[in-house]
Trainee: 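Next up is a structure, given as structure tokens.
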Amino acid sequence: MLHGKTILITGASSGIGAAAAKLFAEAGANLVLAARRKARLEEVRASLPDAAGRIAIFAGDVTDPEFSKASVDVAIETFGGLDGAFNNAGTLGDLGPVSDMDLDTWNHVVTTNLTSAFLAAKHQIPAMKTVGGGAIVFTSTFVGHTIGLPGMAAYAAAKAGLIGLTQVLAVEHGTENIRVNALLPGGTKTEMAGDDAAFHEYIAGLHALKRMAQPEEIARAALFLLSDAGSFVTGSAMLCDGGNSITKA
């Protein structure tokens with residue numbers, strides 16, 4: 001599904017990003033895996049020995065204004081171009097009501113989840129134009145879109161903002177054969193979700209399927225959006241939420 005395509009994945013050192021790396025490698029892609037933790041990126045590459053020669057890694061922080069350009073440069077210099085990007089890195093941030101939230105917390109969450117997406121698009125889209133098109137997927141969330149959860153205002157606002165960014169980019173670049181979509185996972189068993197069994201049980205109950213997703217299940221949705229299988233899908237906020245959005249009890 002991605003044979004010969006070069007795909008950039010941010011937040012690739014664990015969770016959904018690492019699962020996507022495995023799935024995309026199996027689909028034949030060349031990969032640039034980006035995240036803060038270089039050692040963890042090396043572990044992900046080492047876990048895919050058959051594809052190791054098609055995997056470059058780049059350690060950096062998406063909040064760094066230079067990160068997006070540098071990661072795209074790695075794709076161009078290593079594989080000759082960029083065909084797709086799964087902009088998956090994000091943070092939940094410190095939870096709490098808005099009245100108790102300090103500005104630094106707000107800015108950190110918004111910068112990590114939303115401003116980084118602006119910077120990603122700014123550099124990824126010109127690279128995709130040079131190869132005749134491409135596809136971008138941003139990881140958003142159901143929080144702030146179909147449900148509000150207490151204490152998550154900054155996270156919800158930033159992730160909801162991704163959907164607006166997605167729609168505008170899709171309109172701006174549709175004629176250039178560049179598709180842009182937001183992927184909205186439900187509760188997923190990643191490091192961000194922690195390991196509190198009672199919390200997991202509560203989150204599972206919010207879903208029609210009464211369970212949380214495995215990272216691989218979300219990665220499969222990203223694969224669809226990035227591949228030619230999703231060739232007529234752009235500007236969407238695609239739910240992959242286990243029925244969270246339609247569950248009220």
Side-chain angles (χ1 to χ4, degrees), residues 9-11 14-20 23 62 86-98 101 105-106 108-117 120 136-170 179-226 230 233-249:
I9 305 173
T10 68
S14 64
I16 294 169
L23 191 63
V62 294
F86 183 25
N87 295 301
N88 171 68
T91 186
L92 190 59
D94 295 332
L95 303 184
V98 169
M101 185 179 299
T105 296
W106 174 272
H108 174 66
V109 174
V110 172
T111 299
T112 304
N113 292 310
L114 181 56
T115 306
S116 68
I136 294 173
V137 175
F138 297 111
T139 299
S140 182
T141 179
F142 66 92
V143 182
H145 180 67
T146 61
I147 190 173
L149 293 177
M152 300 178 71
Y155 181 74
K159 291 292 192 177
L162 281 177
I163 297 171
L165 177 64
T166 292
Q167 293 172 344
V168 172
L169 291 173
R179 297 184 299 105
V180 186
N181 291 286
L183 177 59
L184 282 59
T188 307
K189 289 187 176 180
T190 65
E191 289 182 11
M192 186 182 291
D195 56 7
D196 184 332
F199 175 71
H200 286 185
E201 183 178 359
Y202 166 73
I203 295 298
L206 299 176
H207 300 72
L209 296 179
K210 301 306 178 188
R211 65 177 179 85
M212 295 175 68
Q214 295 297 325
E216 294 78 11
E217 295 179 289
I218 310 303
R220 285 197 290 269
L223 175 61
F224 166 76
L225 291 172
L226 287 166
V233 182
T234 195
S236 73
M238 179 177 165
L239 289 164
C240 185
D241 71 345
N244 178 296
S245 59
I246 49 88
T247 302
K248 301 301 180 187

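Values below: all heavy atoms of this structure, side chains included; hydrogens, waters and symmetry mates excluded. Index from 1, following the sequence. Values in this document were obtained by computation on a predicted structure and should not be read as measured data.
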Trainee: Which heavy atom in G90 sits nearest to a heavy atom in N113, and how many Å separate them?
Mentor: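 In this case the closest contact between G90 and N113 is CA-OD1, 3.1 Å.
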Trainee: Strictly distance-based, threshold 3.5 Å: is any side-chain N or O of T188 a donor or acceptor partner for the main-chain N or O of Q214?
Mentor: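 Such a contact is absent between T188 side chain and Q214 backbone.
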Trainee: Just to verify, which of L92, T141, V109, I147 counts as forming a side-chain contact (heavy atoms from CB on, under 4.5 Å) with M152?
Mentor: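 Going through L92, T141, V109, I147 one by one, the side-chain contact (heavy atoms from CB on, under 4.5 Å) with M152 is satisfied by L92 alone.
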Trainee: Quick one: do F86 and I16 satisfy side-chain contact (heavy atoms from CB on, under 4.5 Å)? Show the steps, please.
Mentor: CA-CA 10 Å; F86 183 25; I16 294 169; 3.8 Å; yes
Trainee: Let's go through I218 and L183 carefully: what are the C-alpha distance in whole Å and the side-chain angles of both, what is the deciding distance for side-chain contact (heavy atoms from CB on, under 4.5 Å) to 0.1 Å, and is it a yes or a no?
Mentor: CA-CA 8 Å; I218 310 303; L183 177 59; 3.7 Å; yes
Trainee: Supply the atom-to-atom distance N181 CG to T234 OG1, rounded to the nearest 0.5 angstrom.
Mentor: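 The distance works out to 5.0 Å.
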Trainee: Can you check whether L23's main-chain N or O pairs, donor with acceptor, with R220's side chain at less than 3.5 Å?
Mentor: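 Absent.
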Trainee: Do side-chain atoms of N87 reach the backbone of A120 as a donor and acceptor pair under 3.5 angstrom?
Mentor: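 Absent.
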Trainee: Which heavy-atom pair separates I203 from G187 by the least distance, and what is that distance?
Mentor: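 Heavy atoms of I203 and G187 come nearest at CG2-CA, 4.0 Å.
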Trainee: Can you measure from CZ (R211) to CG (L206) and round to the nearest 0.5 angstrom?
Mentor: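 Those atoms lie 14.5 Å apart.
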Trainee: Taking atom CD of E216 as the centre, does the number of heavy atoms from other residues, nucleotides or ligands within less than 6.0 Å exceed 12?
Mentor: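 Result for CD/E216: enclosed.
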Trainee: About how many Å separate CG of D241 and CZ of F142, when rounded to the nearest 0.5 Å?
Mentor: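 CG of D241 is found 7.5 Å from CZ of F142.
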Trainee: Give the minimum heavy-atom separation between A182 and I163, together with the two atoms involved.
Mentor: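 So the two residues come closest at CB-CG1, 4.3 Å.
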Trainee: Sub-3.5 Å donor-acceptor pair from the side chain of T166 to the main-chain atoms of G235, do we have one?
Mentor: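 Flag not set: sc T166 to bb G235 has no pair under 3.5 Å.
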Trainee: Does the side chain of T247 come within less than 4.5 Å of H207's, by heavy atoms?
Mentor: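 Of all side-chain heavy-atom pairs linking T247 with H207, none is under 4.5 Å.
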Trainee: What are the two closest non-hydrogen atoms of F138 and A117, and how far apart are they?
Mentor: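 So the minimum-distance heavy-atom pair works out to CE2-CB, 3.6 Å.
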Trainee: Can you name the nearest heavy-atom pair linking T190 to P215, along with the distance?
Mentor: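 Smallest heavy-atom distance, with atoms named: CG2-CG, 4.2 Å.
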Trainee: For K159 and H145: C-alpha separation, side-chain torsions, deciding distance, then whether side-chain contact (heavy atoms from CB on, under 4.5 Å) applies.
Mentor: CA-CA 8 Å; K159 291 292 192 177; H145 180 67; over 6 Å; no
Trainee: What closest approach, in Å, do A89 and G11 show between heavy atoms, and which atom pair accounts for it?
Mentor: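 Looks like CB-N, 3.6 Å.
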Trainee: Any side-chain to backbone donor/acceptor pair from S140 onto L162? Under 3.5 Å, distance only.
Mentor: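 Not a single qualifying donor-acceptor pair exists.
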Trainee: Decide yes or no for T139 and T10: does some side-chain heavy atom of the first lie under 4.5 Å from some side-chain heavy atom of the second?
Mentor: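 With C-beta onward as the side chain, the pair stays apart.
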Trainee: Is the shortest heavy-atom distance from the side chain of M238 to the side chain of V233 under 4.5 Å?
Mentor: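 No. Closest side-chain heavy atoms not under 4.5 Å.
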Trainee: If I take atom OG1 from residue T146 and atom CD1 from residue I246, how far apart are they, to the nearest 0.5 angstrom?
Mentor: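 That separation rounds to 10.0 Å.
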